[in-house]
Amino acid sequence: VVFLFFAHMPNIEAARFITEKLARQCPDIDFHIIGSVCTALSGLPRNVKSWGVVDDALKTGILQSCHLAINPMRSGSGSNVKLADYLAHGLFVLTTDFGCRGYPDDVLPHIAITNEAMFAVNLQRLVATAELATAEVRRVRFELFKQTMSMSSLAGEFVELLQSIEIKRQRILYVAYRYTSPAQGGAEVNIEQFVTALSESGSFDVDVVAPAISQLSNHWRFTEHYSFDETLSAPAGLKHIRFARFPLSPPSPELLWQKL
């Protein structure tokens, strides 16, 4: 199995998890670590090969010789580019939930999501699954990368977006009481479908505004308690859609007494 990338602290943490825990829990599996992240590692077990920085040809050779890739990330910012690199080389990926953030649902058939506690168990199971590394499924993953994650495909979407700027569209303000991803209820599913339809029509610029609310709890039938889970995001990847969330200000006790 393989893990790659540069010496950024979240990558170093993941690489040390591999060398200090995972490799020792899976002594029958060979681990290949590629990139400048190798400079932060020492005392490697015998089943870990540290390649360091390599050229593209050698990197491709190493990746294509592996059964699958691992992505045990638990911190960082943005999406993990390494996941796209793995798929470009046809590899199935065992990853944490954090490690696959920001990727479309199209990748789900080609990844398995686990936590650190179960990483070794799931890795041993996947390594023993031969059908994950056939030539056919590797080609499918490469085509997925080429069509949705490669620079040429992303550039095509960017060109379309630039061209659409010249088209005059009607502007809509949509104020929702809750707007999160994943949707927290049936009404929110309908809201998301409606906003998606507006996006796909290409006829509107839509500003979606909602308070910072994810959980609504009934209180004495006539009032509500609100809370917000900051780990939730908003639907992404929609064209001509902007989103803003504002904090919910609780009313002061004095104002409540005045209303009563």
Side-chain angles (χ1 to χ4, degrees), residues 1-19 22-23 26 29-41 44 48-114 116 119 122-123 126-127 129 131-158 236-237:
V1 300
V2 65
F3 174 80
L4 65 90
F5 231 60
F6 57 90
H8 176 49
M9 184 50 68
N11 293 327
I12 293 173
E13 291 176 352
R16 287 177 177 168
F17 166 74
I18 294 169
T19 60
L22 192 60
C26 306
I29 298 176
D30 291 328
F31 294 81
H32 297 267
I33 302 179
I34 305 172
S36 60
V37 68
C38 295
T39 62
L41 305 177
L44 304 181
V48 174
K49 170 65 175 177
S50 174
W51 289 89
V53 178
V54 299
D55 60 33
D56 287 343
L58 181 54
K59 183 185 82 170
T60 294
I62 298 168
L63 287 167
Q64 291 183 344
S65 70
C66 290
H67 186 80
L68 55 85
I70 54 177
N71 191 35
M73 302 298 296
R74 58 188 178 190
S75 63
S77 59
S79 298
N80 284 159
V81 178
K82 64 178 72 63
L83 182 57
D85 209 348
Y86 293 150
L87 294 171
H89 288 86
L91 292 171
F92 188 89
V93 185
L94 177 62
T95 180
T96 57
D97 185 57
F98 186 85
C100 61
R101 67 199 184 283
Y103 278 84
D105 290 344
D106 295 343
V107 307
L108 293 179
H110 308 289
I111 67 174
I113 300 174
T114 187
E116 286 190 1
F119 217 100
N122 285 301
L123 179 59
L126 293 171
V127 166
T129 308
E131 55 265 29
L132 294 179
T134 65
E136 181 180 354
V137 294
R138 285 177 181 259
R139 283 194 297 270
V140 169
R141 292 177 195 130
F142 172 71
E143 288 300 321
L144 173 64
F145 166 80
K146 188 168 68 172
Q147 294 172 13
T148 63
M149 287 170 266
S150 66
M151 291 303 297
S152 58
S153 66
L154 296 175
E157 294 180 7
F158 187 62

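This one's a predicted model, so the numbers in the text were calculated from it and none came from an experiment. This chain uses plain numbering: 1 for the first residue, then up along the sequence.
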* To do: State, with a plain yes or no, whether a side-chain heavy atom of Q64 is found less than 4.5 Å away from one of L91.
  => no

* For F17, enumerate each residue passing the ring pair (Phe, Tyr, Trp, His ring centres under 6.0 Å) test, keeping only those at least two apart in sequence or located in another chain. => F119

* Please determine if R139 forms a cation-pi arrangement with F142, meaning its NZ or CZ atom is less than 6.0 Å from the six-membered ring centre and no more than 45° off the ring axis. => no

* Asked: Is any side-chain heavy atom of L4 closer than 4.5 Å to a side-chain heavy atom of Y86?
  -> yes

* Asked: Looking only at heavy atoms, what is the nearest atom pair of V48 and A23, with distance?
  -> CG2-CB, 3.5 Å

* Might you work through the side-chain contact (heavy atoms from CB on, under 4.5 Å) test for L68 and L123, ending with a clear yes or no? => CA-CA 9 Å; L68 55 85; L123 179 59; 3.7 Å; yes

* Asked: Do F145 and H89 come within less than 4.5 Å of each other through their side chains, counting heavy atoms only?
  -> no

* Is F92 close to R141 at the side-chain level, that is, under 4.5 Å between some pair of heavy atoms? -> yes

* Asked: So which of I70, V127, L94 actually passes side chain to side chain contact (heavy atoms under 4.5 Å, CB included) with N122?
  -> L94

* Give a yes or no on whether the backbone of K82 and the side-chain of N80 come within a donor-acceptor separation of less than 3.5 Å. => no

* Side chain proximity check, M149 to L83, heavy atoms < 4.5 angstrom -> no

* To do: Side-chain contact test, heavy atoms from C-beta onward, threshold under 4.5 Å: evaluate it for I113 versus C100 and give yes or no.
  => yes

* Asked: Heavy-atom distance under 4.5 Å between the side chains of K59 and I62, does that happen here?
  -> no

* **Minimum-distance pair of heavy atoms, taken over all atoms of C38 and W51** => SG-N, 3.9 Å

* **Any T19 side-chain heavy atom under 4.5 Å of I33 side chain** => yes

* Residues forming a salt bridge (charged side-chain N to carboxylate O under 4.0 Å, His left out) with R74, sequence neighbours excluded -> E13, E116

